[in-house]
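The next block holds one structure in the form of structure tokens; read it before the comments.
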Amino acid sequence: MPPVASPASLGRLAPLPRAFFARDTVTVARELCGKLLLRRHTARTSPPVVTARIVEVEAYLGERDAASHARRGPTPRAAIMFGPPGHLYVYLIYGMYHCMNFVTEADGVAGAVLIRAAEPLGDLASAGARALSGPGKLCTALGVTLSEKGADLTSDGPVAVVDDGWPPPRIAASPRIGVAYAGRWSRRRLRFYIPGHPAVSGRGEA
DNA sequence: GCCACGATAGTG
DNA sequence: ACTATCGTGGCG
């Protein structure tokens with residue numbers, strides 16, 4: 001793994017712009033692999049910026065995708081998936097875990113990318129976190145909850161994404177996790193990950 | 001108003 | 001394989 005800049009300097013990199021997210025969801029998902037996640041904490045007790053490298057994501061397409069929360073249209077929970085791209089969609093699952101997604105596609109078109117795993121860097125790594133493997137664990141570690149839902153990813157808000165120039169050696173695809181109920185959509189290869197990366201959840205199979 | 005059910009993860 | 005725990009959305 002190549003050396004990375006200090007967390008402080010990463011915090012000065014420009015967040016990925018709205019145009020990055022305003023594209024086809026699969027394209028955005030693939031390109032998010034290897035990017036850096038910036039979590040800004042406001043509490044003085046926390047470091048100002050925590051960083052992690054995204055190593056696993058899933059694409060959730062619009063209303064036609066039987067595994068997507070958008071499948072029932074713009075309900076109160078999922079309406080944000082239909083809104084402008086570059087915003088954070090957070091939901092509570094099983095009453096105890098949060099999952100974080102980035103809204104994609106043009107305004108009016110539903111789409112989102114679920115962030116499933118990341119490699120802790122900087123202060124997080126120093127704190128002893130070996131991996132942020134699984135969407136629930138990732139949100140717990142970063143302190144992302146429903147109160148961050150709707151945040152703008154393209155400003156210097158609570159969550160942002162930056163490109164530090166690290167090229168993923170390779171990106172693999174597989175069916176999505178935990179969507180067996182979705183019929184043929186459960187078999188589509190819409191999960192993207194960096195094969196062999198230790199932070200990938202489950203078996204990071206090649 | 002009710003109630004079954006998760007885009008999960010830790011324990012047995 | 002079992003289950004904690006609660007917001008969401010389908011249904012009445």
Side-chain angles (χ1 to χ4, degrees), chain A residues 21 24-33 35 37 39 52 54-83 85-105 109-120 124 127-151 153 159 161 171-194 197-205:
Chain A
F21 300 97
D24 165 72
T25 304
V26 169
T27 301
V28 175
R30 294 187 63 97
E31 292 191 17
L32 279 171
C33 290
K35 297 292 188 291
L37 195 51
R39 169 68 169 126
I54 297 168
V55 300
E56 178 185 351
V57 303
E58 283 175 359
Y60 284 86
L61 313 188
E63 295 177 88
R64 66 206 165 111
D65 181 354
S68 171
H69 289 169
R71 68 187 179 278
R72 306 191 193 277
T75 61
R77 176 177 65 167
I80 189 169
M81 285 183 66
F82 292 77
H87 290 262
L88 197 59
Y89 169 42
V90 182
Y91 64 88
L92 179 67
I93 182 97
Y94 297 108
M96 43 174 55
Y97 296 106
H98 295 271
C99 293
M100 126 169 75
N101 301 251
F102 301 158
V103 175
T104 59
E105 305 280 353
V109 180
V113 176
L114 171 68
I115 311 303
R116 285 197 57 90
E119 171 196 1
L124 258 191
R130 293 192 54 80
L132 310 174
S133 308
K137 286 172 73 173
L138 175 63
C139 282
T140 300
L142 296 182
V144 171
T145 68
L146 285 176
S147 57
E148 278 73 43
K149 181 179 179 181
L153 297 164
V159 178
V161 191
I171 295 172
S174 82
R176 294 171 292 184
I177 306 296
V179 296
Y181 62 85
R184 67 186 176 88
W185 284 93
S186 70
R187 296 187 287 278
R188 295 208 31 190
R189 301 180 27 143
L190 293 171
R191 170 176 174 253
F192 303 99
Y193 59 98
I194 300 175
H197 195 290
V200 171
S201 72
R203 281 131 299 284
E205 66 277 4

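Chain identifiers are assigned alphabetically (A, B, ...) following the order of the sequence lines, protein sequences preceding nucleic acid strands; residue numbering begins at 1 within each chain.
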[N] phosphate, OP1 or OP2: any side-chain N/O from [X] under 4.0 angstrom?
X        : N     : value
A:Arg71  : C:dG9 : no
A:Tyr94  : B:dA7 : no
A:Arg116 : B:dA7 : no

Which of these, A:Leu142, A:Val90, A:Val144, sits in a side-chain contact (heavy atoms from CB on, under 4.5 Å) with A:His98?
->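 So, applying the side-chain contact (heavy atoms from CB on, under 4.5 Å) to A:His98 and each of A:Leu142, A:Val90, A:Val144, only A:Val90 qualifies.
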Base-pairing assignment for B:dG10 (Watson-Crick or G-U wobble, both under 3.5 Å) |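 Here B:dG10 is engaged in a pair, and the nucleotide opposite it is C:dC2.
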Base, sugar-phosphate, or nothing for [X], non-hydrogen atoms under 4.0 angstrom?
X       : value
A:Ile93 : sugar-phosphate
A:Arg77 : sugar-phosphate
A:Met81 : base

Do the side chain of A:Tyr91 and the base of B:dA7 come within less than 3.5 angstrom through a donor-acceptor pair of N or O atoms?
->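 Indeed there is one.
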In a check of salt bridge (Lys or Arg N to Asp or Glu O under 4.0 Å) between A:Glu58 and each of A:Arg116, A:Arg30, A:Arg188, which one passes?
-> A:Arg116
Measure from the side-chain heavy atoms of A:Lys137 and tell me the nearest of C:dG7, B:dA7, B:dA9.
-> B:dA9
Between A:Gly95 and A:Thr75, just flag the one whose closest nucleotide in DNA chain C comes earlier from the 5' side.
->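 Looking at the nearest nucleotide for each, A:Gly95 comes out on the 5' side.
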